[in-house]
Amino acid sequence: MTPDYTYIGSELELFRAAVNWKEYYYQMIRGYLGSEVLEVGAGIGGTTRVLCRSGHDRWLCLEPDPRLVESFKAEPDLPSICTIRPTVLADLPPTETFDVILYIDVLEHIADDHAEVQRVAVHLKPGGYLVVLGPAHQWFFSPFDQAIGHYRRYNRASLAALQPQGLTLQRIKYLDSVGLLASLGSRLLSQKMPTPSQIKLWDQWMVPISRRLDRILNYTIGKSVLGVWVKS
């Protein structure tokens, strides 16, 4: 990503409405959200608004698109500890370290994802976590993925294979089993962009069922994949 980077997607505002989905993955990662948090690719702040709650001393967001940075700054519901810089991880000085580094639906937008995660260790404190959430299953790659600038989708094996130096994989699992099955059946993702009504149907009805069914299925099926690494 260069300093003149422009994000080509148009889905960020649309997915702000996915409050049940964001709350679901917040509950899955909340135990890793320490005092000092780095969120890479924060966009317009829709995810930050859900994840940044009490108990944090610092929440630094990185976003290379200047337009999205301005939208982020205009977000009225962000805690005062949330700050944003128009930059990328590679430009952070090695003296800046964090308890957790988040890539929430971001790593699939980076051409060299392996090189990106190799930069993580220097910015993590000992015992700190790298948390990655991304779209699952390359065979599910669709016009929607292409329209919003995805280079790939992941499965558990391909995400685990990134393996940042100095970190140990702690957990990896699929989320949103109902969303995957529904999309397979209806082929919603053959569209370049889902409609607000489709997002509402998925978020209000399917995600709550997924939260229960995923646990029963032991997180072996899903439309998203979550990986967590810990620094030794």
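Remember, predicted model here, so these are calculated numbers, not experimental data. Along the sequence shown, the residues carry numbers beginning at 1. Atoms considered below: every heavy atom in the structure, side chains included; atoms not considered: hydrogens, waters and symmetry mates.
- Leu167 pairs with exactly one of Leu124, Leu162, Val228, Val230 by the side-chain contact (heavy atoms from CB on, under 4.5 Å) rule, that one being Leu124.
- Annotation: Gln27, atom CD; neighbour count of heavy atoms from other residues, nucleotides and ligands within 6.0 Å is above 12.
- Taking 4.5 Å as the limit, every side-chain heavy atom of Gln170 sits out of range of all side-chain heavy atoms of Thr168.
- In this structure, the side chains of Arg85 and Leu92 come closer than 4.5 Å at one or more pairs of heavy atoms.
- In this structure, Asn20 CG and Trp205 CH2 are separated by 11.0 Å, a value rounded to the nearest 0.5 Å.
- Annotation: the span from Ile101 atom CD1 to Glu36 atom CD amounts to 11.5 Å, rounded to 0.5 Å.
- Within a 6.0 Å sphere centred on NZ of Lys125, heavy atoms belonging to other residues, nucleotides or ligands number more than 12.
- Under a 3.5 Å cut-off, the side chain of His109 and the backbone N or O of Tyr151 do not form any donor-acceptor pair.
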**Prompt:** Under the side chain to side chain contact (heavy atoms under 4.5 Å, CB included) criterion, do Trp202 and Asp176 qualify, and how do the steps go?
**Reply:** CA-CA 10 Å; Trp202 163 66; Asp176 193 17; 2.9 Å; yes

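- Closest approach of Val225 to Pro135, counting heavy atoms only: CG1-O, 4.3 Å.
- By the criterion of side-chain heavy atoms lying less than 4.5 angstrom apart, applied directly or through intervening Ile, Leu, Val, Met, Phe, Trp or Tyr residues, Ile104 is grouped together with Val207 in one hydrophobic cluster.
- The heavy-atom pair separating Ser35 from Asp57 by the smallest distance is OG-OD2, 2.5 Å.
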**Request:** Would you check, one step at a time, whether the test side chain to side chain contact (heavy atoms under 4.5 Å, CB included) holds for Arg16 with Glu75?
**Result:** CA-CA 12 Å; Arg16 285 174 69 99; Glu75 169 60 54; 2.8 Å; yes

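- Side-chain N or O atoms of His114 include none that pairs as donor or acceptor with a backbone N or O of Gln163 at under 3.5 Å.
- To the nearest 0.5 Å, atoms OG (Ser210) and CG (Leu181) are separated by 8.0 Å.
- Residue Pro208 comes nearest to Gln204 through the heavy atom pair CG-O, 3.5 Å, listed as atom of the first residue, atom of the second, then distance.
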**Request:** Take Arg67 and Glu70, measure what salt bridge (Lys or Arg N to Asp or Glu O under 4.0 Å) needs, and give me the verdict at the end.
**Result:** CA-CA 5 Å; Arg67 298 174 304 112; Glu70 292 308 308; over 6 Å; no

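- Contact check for Leu133 versus Met28: no side-chain heavy atoms found under the 4.5 Å cut-off.
- By the side chain to side chain contact (heavy atoms under 4.5 Å, CB included) test, Phe141 pairs with Gln138, Asp145, Gln146, His150, Arg153, sequence neighbours left out.
- The closest donor-acceptor contact from the side chain of Asn218 to the backbone of Thr220 lies at 3.5 Å or more, if one exists at all.
- Here the CD1 atom belonging to Ile148 is positioned 7.5 Å from the CD atom belonging to Glu108, to the nearest 0.5 angstrom.
- In terms of hydrophobic clustering, with Ile, Leu, Val, Met, Phe, Trp and Tyr side chains grouped at heavy-atom distances under 4.5 Å, Leu78 and Ile81 are assigned to different clusters.
- Hydrophobic clustering of Ile, Leu, Val, Met, Phe, Trp and Tyr side chains at less than 4.5 Å, counting indirect connections, unites Phe144 with Leu201.
- Checked by atom type and distance alone, the side chain of Lys231 pairs as donor or acceptor with a backbone atom of Ala121 at under 3.5 Å.
- No side-chain heavy atom of Tyr25 sits less than 4.5 Å from a side-chain heavy atom of Leu226.
- Results of the salt bridge (Lys or Arg N to Asp or Glu O under 4.0 Å) test with Glu23 over Arg49, Arg53, Arg211 single out Arg53 as the only residue that passes.
- Put simply, CZ on Arg152 and OG on Ser158 are 9.0 Å apart, with the number rounded to the nearest 0.5 Å.
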**Asked** So Tyr24 and Leu175, side chain to side chain contact (heavy atoms under 4.5 Å, CB included) or not? Walk me through it.
**Response** CA-CA 9 Å; Tyr24 181 19; Leu175 304 178; 3.7 Å; yes

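- Considering every non-hydrogen atom in both Pro164 and Val117, the closest pair reads CB-O, 3.5 Å.
- In this structure, Asp113 contributes its side chain and Leu107 its backbone to no donor-acceptor pair below 3.5 Å.
- Leu33 places none of its side-chain heavy atoms less than 4.5 Å from the side chain of Val131.
- Minimum heavy-atom separation, Thr195 to Ser197: OG1-OG, 3.0 Å.
- Between Cys52 and Pro79 the shortest heavy-atom distance is O-CG, 3.6 Å.
- Both Leu14 and Met206 belong to a single network of hydrophobic side chains, linked directly or stepwise wherever heavy atoms of I, L, V, M, F, W or Y lie under 4.5 Å apart.
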Distance-only donor-acceptor pairs under 3.5 Å for side chains of residues 38-45, two or more places apart:
residue : atom : partner : partner atom : Å
Glu39   : OE1  : Thr48   : OG1          : 2.7
Glu39   : OE1  : Trp59   : NE1          : 3.0
Glu39   : OE2  : Thr48   : OG1          : 3.2

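- In this structure, His123 contributes its side chain and Glu96 its backbone to a donor-acceptor pair below 3.5 Å.
- Follow the hydrophobic side-chain contacts under 4.5 Å out from Tyr219 and you reach Leu213 in the same cluster.
- Annotation: the span from Arg171 atom CZ to Leu169 atom CG amounts to 10.5 Å, rounded to 0.5 Å.
- Counting only heavy atoms from C-beta outward, the side chains of Leu89 and Tyr103 approach each other to under 4.5 Å.
- Side-chain contact between Leu180 and Tyr174 is absent, with no heavy atoms from C-beta onward closer than 4.5 Å.
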**Request:** Decide side chain to side chain contact (heavy atoms under 4.5 Å, CB included) for Tyr26 and Leu51; before the verdict, give the C-alpha distance in whole Å, the side-chain angles of both, and the deciding distance to 0.1 Å.
**Result:** CA-CA 6 Å; Tyr26 167 73; Leu51 299 186; 3.6 Å; yes

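- Annotation: side chain of Asp105 is not in contact with side chain of Phe15 (no heavy-atom distance under 4.5 Å).
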